[in-house]
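Only one structure is covered here, and it is reproduced in the block below.
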Amino acid sequence: MHSRLRTLGGLAALLLLAWLPACGQEPLATLDLALEFGPDTLPPDTYAVRVYVLPALLEDGTTVECEMFVGPTATERIYDYTTELVVAPQLLTVEVGGDRAVLVEDLPEGLLVFVVEALDQSNSTLAWGCGKGQISRGQKTFISIFLEIT
């Protein structure tokens, strides 16, 4: 049975926040990323959002592309790549009318792939989204992620 995919009208915006030290302090060793969702970016029954972060190039030479996980050409499952994740999956419980942001901490510099999974209260997947971006110290990065209903 084929699932019909459709893109939600909104998008989840990833904004890299490279925390900079005050003058005279040692530079911080970590990069953090704020993932924010607008009011119309998630399916109506979304209870939680999970964020997975992979390097764009794996140690075995495999190039990671969003099309591997999302869309009509998806042939892979993110769950099969848990050993390649650069940080533990981050989970955000979504409250109606509440804050819709999650902080992904301790990111490495480099080209990274961000896979987003929207879940309902029974932990079933409602939608998938993906985006890719270069993460560099001292640079703000905006990555658009359009979620597709499964």
Side-chain angles (χ1 to χ4, degrees), residues 1-21 25-38 41-43 45-94 99-150:
M1 176 182 228
H2 296 320
S3 295
R4 194 179 73 142
L5 298 176
R6 71 178 170 89
T7 304
L8 294 175
L11 59 96
L14 288 171
L15 175 64
L16 177 69
L17 304 173
W19 302 111
L20 300 175
Q25 291 182 341
E26 290 290 318
L28 296 178
T30 65
L31 297 173
D32 300 334
L33 182 99
L35 173 62
E36 298 180 353
F37 297 95
T41 59
L42 297 171
D45 294 333
T46 301
Y47 176 75
V49 174
R50 188 170 292 129
V51 181
Y52 305 89
V53 184
L54 290 163
L57 182 62
L58 301 180
E59 288 183 17
D60 68 1
T62 301
T63 301
V64 177
E65 299 291 345
C66 286
E67 294 78 20
M68 293 169 60
F69 305 108
V70 180
T73 60
T75 58
E76 304 288 329
R77 296 170 38 105
I78 190 66
Y79 314 118
D80 297 329
Y81 287 79
T82 56
T83 58
E84 285 87 4
L85 296 177
V86 296
V87 294
Q90 304 293 309
L91 185 67
L92 163 70
T93 301
V94 177
D99 184 25
R100 292 178 172 218
V102 64
L103 186 64
V104 181
E105 299 178 305
D106 298 327
L107 291 171
E109 287 189 86
L111 188 59
L112 300 177
V113 176
F114 299 86
V115 178
V116 176
E117 178 183 24
L119 305 164
D120 66 13
Q121 205 158 11
S122 66
N123 216 26
S124 296
T125 301
L126 299 172
W128 284 101
C130 184
K132 185 187 264 190
Q134 180 67 38
I135 307 303
S136 301
R137 185 165 305 285
Q139 301 288 325
K140 288 187 177 181
T141 301
F142 181 80
I143 302 167
S144 297
I145 298 178
F146 291 91
L147 297 172
E148 294 184 351
I149 304 290
T150 55

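- Partners of T62 according to the side-chain hydrogen bond (donor to acceptor under 3.5 Å, both in side chains) rule, which considers only residues two or more places apart in sequence or in another chain, are D60.
- Pairing each heavy atom of P43 with each of I149, the nearest pair is CG-CD1, 3.6 Å.
- The minimum heavy-atom distance linking L147 with A127 is given by the pair CB-CB, 4.2 Å.
- The nearest pair of heavy atoms linking G133 to I143 is CA-CD1, 3.7 Å.
- With sequence neighbours excluded, no residue satisfies side-chain hydrogen bond (donor to acceptor under 3.5 Å, both in side chains) with T83.
- Atom SG of C130 sits about 13.0 Å away from atom CZ of F146, to the nearest 0.5 Å.
- Two residues are said to be in side-chain contact when any heavy atoms from C-beta on lie closer than 4.5 Å; W128 and V116 fail this criterion.
- Taking the side chain as every heavy atom from C-beta outward, V64 and L58 approach each other to under 4.5 Å.
- The CG atom of L42 sits 14.5 Å away from atom OH of Y47, with the distance rounded to the nearest 0.5 Å.
- Within the 4.5 Å cutoff, the side chain of L119 has no heavy atoms near those of the L126 side chain.
- Using a distance-only test at 3.5 Å, with no hydrogens or angles considered, a donor-acceptor pair links the side chain of T141 to the main chain of Q134.
- I78 and F69 make their closest contact through N-CD2, 3.6 Å (heavy atoms, listed as atom of the first residue, atom of the second, distance).
- Note on residues 105-122: pairs passing salt bridge (charged side-chain N to carboxylate O under 4.0 Å, His left out), not counting sequence neighbours, are R50-E117.
- Between L112 atom CG and L31 atom CG the span is 9.5 Å, to the nearest 0.5 Å.
- Of all heavy-atom pairs between T46 and A118, the closest is OG1-CB, 4.0 Å.
- Nearest approach of Y81 to L54, heavy atoms of both residues: O-CD2, 3.7 Å.
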Determine, step by step, whether V104 and V87 satisfy the side-chain contact (heavy atoms from CB on, under 4.5 Å) criterion, reporting the C-alpha distance in whole Å, the side-chain angles of both residues, the deciding distance to 0.1 Å, and the verdict. CA-CA 8 Å; V104 181; V87 294; 3.9 Å; yes
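- Legend: salt bridge (charged side-chain N to carboxylate O under 4.0 Å, His left out) pairs involving residues 65-83, not counting sequence neighbours, sorted by first then second residue: E65-K132.
- Take Y52 and apply the ring-ring contact (aromatic ring centres under 6.0 Å, His included) test, not counting sequence neighbours, and it matches no residue.
- Judged by distance alone, the side chain of T150 and the main-chain N or O of T125 form a donor-acceptor pair under 3.5 Å.
- Using a 4.5 Å heavy-atom cutoff, the side chains of V53 and V113 are not in contact.
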